[in-house]
Amino acid sequence: MHNNQLSTKNKYGQEKPKPIKIAKYNEFMSGVDRADQMISYYSCPRKSAKWYKKVIFHLLDVTVWNSFYIYKQHFDCPDFRFKVYRDLRIKDLIKIPKNTTATEFFQLKKNSRKSSRGEDLREGHFEEPIPLPPNYKRQKKFKNCVQCYKQKTRKQTSIQCQKCKVPLCPLCFKDYYAAQPEG
């Protein structure tokens, strides 16, 4: 239908040739094509051998896009972006303040983890990775969890107490020091 080219500007203001077919398609694109385009920008694909997991994540993406589209229709806000909407929904789901950045969130999480350990455990008992022996080929060293071993369960862990050097899995760490006598 169209054989010639059209000159368009990209987001940097540079002139680029574009076939008229593509310009016409983009001009009249809507519905499913627009939804697929927007979902592809901020999709949440996961590497998985199971096909049904990929389908579930795609359905989640489509659901978020549809809710964004309905939100924009209902509240008439043309400048509101899909990425902002998606970030707000995520923050709402995990119940953190809307104006918190990712850096602030992880810093807040790290500080709250330290303070909860300090309240629940005696002073100085923190998790650390088990140090690697010299010439060790693997990236982590594993030992049996002491607490699980007492309960006749064999569970491997790569963390230990920073102070006592006792290997404990994350679930048993708090319980182990709560059961220990003071002193």
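Here the side chains of Q147 and C169 are not in contact, with every heavy-atom distance at 4.5 Å or above. Two residues are said to be in side-chain contact when any heavy atoms from C-beta on lie closer than 4.5 Å; C145 and C172 meet this criterion. Looking only at side-chain heavy atoms (C-beta outward), E15 and K9 come within less than 4.5 Å of each other. The closest side-chain heavy-atom distance from I159 to P167 is not below 4.5 Å. For the pair K155/L171, a side-chain contact is recorded, criterion being any heavy-atom separation below 4.5 Å from C-beta on.
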Item to check | K140/I130 under side-chain contact (heavy atoms from CB on, under 4.5 Å): CA gap, chis, key distance, verdict | outcome: CA-CA 7 Å; K140 288 185 178 182; I130 296 173; over 6 Å; no
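For the pair T157 (side chain) and L168 (backbone), a donor-acceptor distance under 3.5 Å is present.
The two residues P133 and K141 make their nearest non-hydrogen contact at CD-CD, 3.6 Å.
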Can you give each donor-acceptor pair under 3.5 Å made by side-chain atoms of residues 73-86, sequence neighbours left out, with the distance rounded to 0.1 Å?
unit_1 : atom_1 : unit_2 : atom_2 : d
Q73    : NE2    : Y69    : OH     : 3.4
K83    : NZ     : D87    : OD2    : 3.4
Y85    : OH     : S67    : OG     : 2.9
R86    : NH1    : Y42    : O      : 2.8
R86    : NH2    : Y42    : O      : 3.2

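From T8, atom OG1 reaches atom CG of N10 across 7.5 Å, with rounding to the nearest 0.5 Å.
Partners of K165 under the side chain to side chain contact (heavy atoms under 4.5 Å, CB included) rule, at least two apart in sequence or in another chain, are E128, Q160. Applying the salt bridge (Lys or Arg N to Asp or Glu O under 4.0 Å) criterion to K98, with sequence neighbours excluded, gives D92. K91 meets the side chain to side chain contact (heavy atoms under 4.5 Å, CB included) test with I96; sequence neighbours excluded.
Clustering of Ile, Leu, Val, Met, Phe, Trp and Tyr side chains at separations under 4.5 Å places Y136 together with L132. Its side chain outside the 4.5 Å cluster rule for every partner, Y149 clusters with none of the Ile, Leu, Val, Met, Phe, Trp and Tyr residues.
By the neighbour-count criterion of 12 heavy atoms within 6.0 Å, atom CD of Q139 is sparsely surrounded, having that number or fewer from other residues, nucleotides or ligands.
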